[in-house]
Structure formats: C-alpha cells, structure tokens
Amino acid sequence: MEDRTGLPVLTEPRDTLREGLSTLKEAGAVVHPVEAIQAKSASQEEQRRIQMLQSVYGTALPARMQLEQQILGRVQRLPGIPSSRLGLESLSGELDDFSFTSYLGHTEALETEPKGMHAEMEARLKLR
Amino acid sequence: MTAGFQFDLCNRNRLLESKGVQGASVTKTGTTIAGLVFKDGVVLGADTRSTSGSTVADKNCEKIHFIAPNIYCCGAGTAADTENVTGMISSSLDLHRYATGRESRVVTAMTMLKSHLFRYQGYVSAALVLGGVDFRGPHLFTVYPHGSTDALPFCTMGSGSLNAMAVFEAGYKDDLTREEAVELVANAIKAGIYNDLGSGSNVDICVITKGKVDYLRNHEYLQNKTYQRRHPVTYGKGTTKVTKEKIIPLSELTIQDGDATAMDTS
C-alpha cells in the first residue's frame with residue numbers, strides 16, 4: 001500500500017492551495033536526532049525481530065508471518081477515516097503495546113488540520 | 001502519524017535563538033532520590049522540590065511514581081520526562097498483567113524502561129530509582145537516562161545523590177529493620193535537602209513489602225509554615241449577632257405518602 005517511488009518531498013500528500021508548491025529545500029537535513037530515531041526505530045526493530053525469529057525457528061515461520069501480514073493489511077478504509085486493523089495489530093503484537101501513539105497524536109486532538117483524503121489519494125495514485 | 005515528539009518548531013526555535021531570544025527553561029527536578037533494600041522489602045525516599053532554572057516551580061511535588069501495585073519508582077531529571085515515562089510504563093505493565101495473568105516483576109519494568117530510554121539515546125532525560133517486591137523477593141534498580149541499569153542494595157540519584165550516598169555508606173547494614181531503614185533513608189534525603197540547592201522542602205517515603213505498600217507522603221515536613229489555613233472555616237457561636245430565632249421540633253412535622261410525581265426532565 002505504501003510504495004511511493006521518488007523523493008518523499010515531491011510525492012507525499014500536500015495541500016498546494018494552502019501551502020504552495022513543494023520545494024527541495026524543505027527536505028533538507030533532519031532537524032533533530034530524535035526525529036531520525038523515531039523515523040527509523042520502528043522498522044529497525046521489526047527487522048531485528050524477523051532476524052531473531054529466522055535464527056531461532058527457521059526461515060519458514062517469518063515468511064509465513066509476512067504473508068499473513070500482507071493479507072491482513074489489505075483491508076483498509078480510505079485515508080482520513082480510522083481503520084481498525086485488529087488482525088494486523090494482534091499479529092505484530094501492537095495490541096498489547098502501550099506507547100506514545102496510544103494516548104498522543106489522536107486526530108481529534110491535533111491543533112492542525114489533517115491533510116485530507118483527496119490529497120492522500122492523489123499522492124497514493126500518483127496523480128500529482 | 002508519528003505521535004510523541006513533534007519537530008516542526010525546531011527550525012523556528014533555531015531561528016529565534018540566532019536572533020537572541022532566550023528559550024523557556026525546562027522544569028527539572030534537581031533532586032535527591034534514594035532507595036534501600038531492608039529485611040522485608042524496599043524503602044524509597046525522595047525530596048519534594050522541583051526547580052525551573054533558579055526558581056522553585058513546585059514546593060511539594062510528588063517524585064515517587066506508581067508503576068504497579070508492588071512496584072514504585074522515584075524520578076530525577078526533567079519532570080515531564082520522568083512523569084510521562086513512568087506513566088507509560090505503568091500502563092504498559094497493566095496490559096502485560098492482563099496478558100500474563102500474573103503479578104508484575106520488577107525486572108519487567110526495568111527492561112521496559114531501559115529499552116525505551118536507550119531508544120531515545122539519552123534525549124529523554126529521566127534518571128530513575130526503581131524498587132519493588134515480587135515473588136522472587138525485593139529488588140532495587142537504578143536506570144540512567146542513556147539506558148544503563150544497576151542492581152544495588154542501596155542507591156541514590158539526582159543532584160543531591162552524593163550527599164545522600166555519604167549517609168548510606170556510613171550507616172548501611174544488611175538486614176535492617178523497617179524502622180531503621182526508614183530512618184536511614186530519611187536522613188539521607190535530609191542530607192540532600194540541607195546541602196544541595198536543587199533539593200528541598202519535605203521528605204517522601206515509600207515502604208514496599210510483600211503484599212503491602214505504605215506511601216508516607218510528607219513523612220517529614222521540613223517547611224515551616226507561618227500560617228495554616230483551616231478548610232472549611234468554622235466560626236464559633238456568637239460571631240454573628242442573632243436577631244431572631246424560631247425552633248421547629250421535628251416531632252410536629254407530618255410525612256405525607258402521596259404520589260411522587262417524576263421530575264420534568266425534558
């Protein structure tokens with residue numbers, strides 16, 4: 001679902017009417033080390049978990065788990081509407097986790113407006 | 001979206017600082033916290049001052065945070081970081097207890113804390129003293145902001161840690177009784193309060209034993225208050241002059257068992 005080719009600055013959803021055309025200057029360097037950590041740590045830990053499962057249980061189990069993840073991740077609502085990915089969350093263990101995302105960052109509590117479904121769909125279908 | 005820390009204002013802050021605007025100072029808990037393992041469990045102690053720069057932000061704050069019914073944690077460092085990290089781990093342990101159906105272990109809380117702090121490479125400035133009693137006995141750990149931990153029979157953290165550690169080193173023995181342990185920890189915290197600028201106000205103590213927790217909030221109240229407000233305020237009879245008096249004895253009243261009509265709520 002999330003395969004976007006090209007620079008994120010040019011392909012991510014953007015409200016051109018409100019924010020203007022996107023420029024490469026905005027991509028720039030990462031402003032804070034913690035931002036880099038937050039962006040990479042989730043995928044890095046997932047990689048580590050899969051490697052651990054491979055070395056302990058063999059390659060078949062993580063391959064089957066990834067297949068199940070793909071199947072469970074396919075059912076989603078359009079962006080902007082919260083979709084309950086119960087199966088996916090219980091498979092990856094997110095259901096039993098409690099972290100920042102569980103009590104911060106809810107769309108109802110944000111001060112800024114969310115990007116909107118149309119901008120997201122345009123980016124996803126590469127219509128920009 | 002990435003919840004947690006947001007970075008859209010970092011560029012703005014950098015621009016403001018280059019123009020010479022001073023940022024707001026963070027509320028730290030320049031602190032003395034200490035913990036001790038005694039015969040039946042763990043005693044945790046903390047002072048109650050939280051500072052923002054050179055001003056006291058909170059004269060009586062709570063630095064001993066709840067993690068689980070059998071685990072408590074003292075926090076030093078940035079106040080927001082310690083409160084939020086301990087709150088998050090407490091909720092995480094709650095879910096863990098539902099999943100496993102067992103009492104939480106202190107090492108579980110310690111591992112959750114250290115992996116979270118290590119992931120943020122020391123930017124979450126929380127130095128913690130974690131203590132509790134589980135089925136394997138009493139445990140006491142220190143967790144440093146970068147994610148390293150120590151398992152010790154007695155430990156101190158914060159800006160007043162050296163003052164408190166001196167008292168511990170002089171007075172600690174194995175298998176202290178509960179009274180001796182509470183007195184030693186209170187003395188250690190008081191050494192930090194009297195000799196360190198960042199610590200002050202009162203002493204909080206938390207005694208954790210198997211199946212029981214005694215949270216002695218303000219165990220020693222060192223602030224001298226000149227005026228104690230009583231709430232609610234009671235005025236003695238005769239403060240206001242009585243001009244008229246009518247007494248209706250209750251025995252003269254009759255109670256009617258009529259139809260109770262419902263309130264009009266629409």
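Per chain, numbering begins at 1; letters A, B, ... match sequence-line order.
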Above 12 or not: heavy atoms from other molecules or residues under 6.0 Å from [atom1] of [X]?
X         : atom1 : result
Leu197(B) : CG    : no
Arg102(B) : CZ    : no
Tyr57(A)  : OH    : no
Arg217(B) : CZ    : yes
Phe118(B) : CZ    : no

Closest non-hydrogen contact found for Leu95(A) with Leu95(B) is O-CD1, 4.4 Å
Measure across Arg119(B) and Ile37(A) and return the closest heavy-atom pair with its distance rounded to 0.1 Å.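 Minimum heavy-atom separation between Arg119(B) and Ile37(A): O-CG2, 3.0 Å.
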Engaged part of His96(B) at the chain A interface, taking heavy atoms whose separation is under 4.5 Å: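 Contact with chain A: none, neither part.
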Name the region of Asp94(B), side chain, backbone, both or neither, that has any atom closer than 4.5 Å to a heavy atom of chain A.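 For Asp94(B), neither part sits under 4.5 Å from chain A.
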With rounding to the nearest 0.5 Å, note down the distance linking CG in Asn13(B) to NE2 in His32(A). 9.5 Å
Verdict with supporting geometry, Met112(B) and Phe98(A), side-chain contact (heavy atoms from CB on, under 4.5 Å): CA-CA 11 Å; Met112(B) 287 177 169; Phe98(A) 192 87; over 6 Å; no
If you count heavy-atom pairs under 4.5 Å between each of Ala99(B), Ser91(B), Cys10(B) and chain A, which one has the most?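 Counting heavy-atom pairs under 4.5 Å, the top option is Ser91(B).
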Among Val34(A), Asp97(A), Asp96(A), which residue forms the greatest number of heavy-atom pairs with chain B at distances under 4.5 Å?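 With the most close heavy-atom pairs to chain B, the winner is Val34(A).
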Considering residues at least two apart in sequence or located in another chain, which fulfil the salt bridge (charged side-chain N to carboxylate O under 4.0 Å, His left out) criterion with Arg14(B)?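 Arg14(B) satisfies salt bridge (charged side-chain N to carboxylate O under 4.0 Å, His left out) with no residue once adjacent residues are dropped.
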Using non-hydrogen atoms only, which part of Glu45(A) is less than 4.5 Å away from chain B: side chain, backbone, both, or neither? side chain
